[in-house]
Amino acid sequence: MTRRRLLLIALVLSLLLHLALLGSDLLPAISAPPADEPKLEKIDVKMQAMRLDETPPPRDPAAAGVSLRPAETAKPKPKPKPARKREASKPAEQAKTAASAPAAKTASAPQASSEPAAEASRQAAAEQASSAPVAENAPRESSADKAGLIHPDAPLRQFPAAAKIRYQGYWNSAMLGFGDLDWQRGQGRYQLDITVSPFIGPKLRYLALGTIGKSGLRPDSMQSFRGGDLKEAARFDYDAGLLRYGSNEDKQLPLKPGAQDAFSLAFQLALKGGDLGHAPIQITTAKKVYEYPMAPNGAFDYDTGAGKMRVIVFRAQGDGDFTEFWLAPDFANLPVRIIRADKDKRIELKAIRVDVNGKRQWELPPQPTIRNKNAH
């Protein structure tokens, strides 16, 4: 048998093996690549600004009129007296009963006044139990309405104290790996940590830190890492009124009110219900600085591959590139899709799992393989 024939047989066997794998369940299921530019519709869902309420401190029991004195030990009932003395002692017992009536009413007053507080305490305990986080890896399925739109089981009206989103990453429509977003806030500060783990090449990481209050997010810094090495950084120097950025923070521009880094911007939109005004916003990627307004472009039924989410699409465009955030109003306005594109490339993050405050809100189920997809 010639060498050429052996090579031909090996190629045929390799082709048959790949076709068999594609028709089996042995390959990992991934969602379809991103579609081209969607046709946006008129916005028919109003995004609501999210609440920033912190967990209220426990009420002072004394302020609620609840007595903290220990309950008195019940006295044993006196033994019945002989019948011959009952009639003679009746006037004395009636006098004793009359004398003790005011004391009984007084003793029952704190108990009555504590009933509303006890009821409020029971309601608070019930609310706390219903909102208590569950294990992060607990399986969860979001409900869908008659139109096939995905919703969480309970409305999410408070801005998350913690959120984790898992993405599939695409580079020019080719899947390059996975991305993870980790949002944490507490005591007036926030941290946004984003990592992109490609199949080939170094890991990318973006870390944004700042303060948060009723006026929104106020970034302090943003850092960009490649393979563990710091590549660029931005620092919002509010005292000096300067935005410092670049590989060594060697560039600077006057810091403008409402300035944001490119990733905190998504959460500023989520918190404020998309209402950031019409004026251009100063935005930095730590490498460059842009200024353009951020306004909703339209609504869209985002096909996740296992149901649809109603999203509001925000686009900022200028200098030959654009950034898009697809925010899901039913999921605390969180970004379920992020697109960053210029004349040379298009990078896209597509959510496949959403956790809020430690609770699984939605996850893309395993997708059918070619064999199962064509089965009848």
Side-chain angles (χ1 to χ4, degrees), residues 28-50 138-160 163-170 173-175 178-181 183 266-267 269-271 273-274 294-315 322-341 346-357 359-370 372-376:
I30 59 175
S31 62
D36 294 333
E37 295 295 326
K39 183 178 180 181
L40 299 181
E41 304 170 2
K42 183 179 179 180
I43 298 176
D44 57 357
V45 177
K46 180 175 176 57
M47 285 183 60
Q48 300 291 333
M50 304 298 292
R140 185 187 188 283
E141 296 183 359
S142 296
S143 59
D145 60 16
K146 294 181 179 179
L149 296 179
I150 302 171
H151 303 285
D153 287 339
L156 302 173
R157 296 190 178 94
Q158 186 169 336
F159 201 56
K164 292 185 178 183
I165 305 178
R166 177 81 160 168
Y167 298 93
Q168 286 177 353
Y170 294 85
S173 297
M175 186 176 174
F178 292 93
D180 291 280
L181 180 152
W183 161 265
F267 281 78
L269 286 167
L271 175 61
M294 200 73 186
N297 280 49
F300 183 66
D301 286 343
Y302 166 44
D303 190 354
T304 67
K308 296 181 179 181
M309 291 183 186
R310 193 65 172 171
V311 299
I312 308 296
V313 179
F314 290 79
R315 172 182 283 200
F322 73 88
T323 301
E324 272 188 7
F325 298 112
W326 294 24
L327 307 185
D330 290 325
F331 290 85
N333 297 341
L334 291 174
V336 294
R337 202 165 182 178
I338 301 174
I339 304 173
R340 173 80 181 153
R346 176 188 174 102
I347 301 174
E348 184 166 350
L349 295 176
K350 182 179 178 183
I352 58 174
R353 186 173 68 222
V354 178
D355 295 346
V356 177
N357 296 334
K359 185 176 182 180
R360 184 67 40 85
Q361 298 294 338
W362 172 78
E363 183 173 19
L364 180 71
Q367 298 300 288
T369 59
I370 294 176
N372 294 334
K373 214 172 183 184
N374 295 331
H376 297 283

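Heavy-atom basis, side chains included; hydrogens, waters and symmetry copies ignored.
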Heavy-atom closest pair (F314 atom, A295 atom, distance to 0.1 Å) is CD2-C, 3.6 Å
Separation between CG (L156) and CE (M50), nearest 0.5 Å, reads 6.5 Å
Atom pair CD (Q361) and CG (D355), whose distance is rounded to the nearest 0.5 Å: 8.0 Å
Testing I150, V356, V311 for side chain to side chain contact (heavy atoms under 4.5 Å, CB included) with F331, which one passes? I150
Where do A328 and V336 come nearest, in terms of heavy atoms and distance? CB-CG1, 4.0 Å
Using the test side chain to side chain contact (heavy atoms under 4.5 Å, CB included), find all partners of I347 that sit at least two apart in sequence or belong to another chain. W171, K345
Go through the steps to decide whether I352 and F178 satisfy the test side-chain contact (heavy atoms from CB on, under 4.5 Å), and finish with yes or no. CA-CA 10 Å; I352 58 174; F178 292 93; 4.0 Å; yes
Any D330 side-chain heavy atom under 4.5 Å of M309 side chain: no
Lys/Arg-Asp/Glu bridge criterion (N-O < 4.0 Å) met for R346, E348: yes
For Q48, is there any backbone N or O sitting under 3.5 Å from a side-chain donor or acceptor partner on N333? yes
Mind listing the closest non-hydrogen atom pair of P160 and L334 along with its distance? CG-CD2, 4.4 Å
Of all heavy-atom pairs linking A306 and L364, the shortest is CB-CD1, 3.9 Å
Spatial distance of atom CD (E324) from atom CE (M294) [nearest 0.5 Å]: 8.5 Å
Tell me which one of I338, I339, I312 satisfies side chain to side chain contact (heavy atoms under 4.5 Å, CB included) with W326. I339
Measure across L327 and A270 and return the closest heavy-atom pair with its distance rounded to 0.1 Å. CD1-N, 4.1 Å
With sequence neighbours left out, write down each residue that passes side chain to side chain donor-acceptor pair (under 3.5 Å) with R157, or none if nothing qualifies. none
Going from CG on D301 to CZ on R310, what distance comes out if it is rounded to the nearest 0.5 angstrom? 4.5 Å
Taking all atoms of both residues into account, what is the closest heavy-atom pair of R337 and Y167, and its distance? N-CE2, 4.5 Å
Please work out whether the ring planes of F267 and W183 are parallel, tilted or perpendicular, with thresholds of 30° and 60°. parallel
Quick one: salt bridge (charged side-chain N to carboxylate O under 4.0 Å, His left out) partners of D180, sequence neighbours excluded? R166
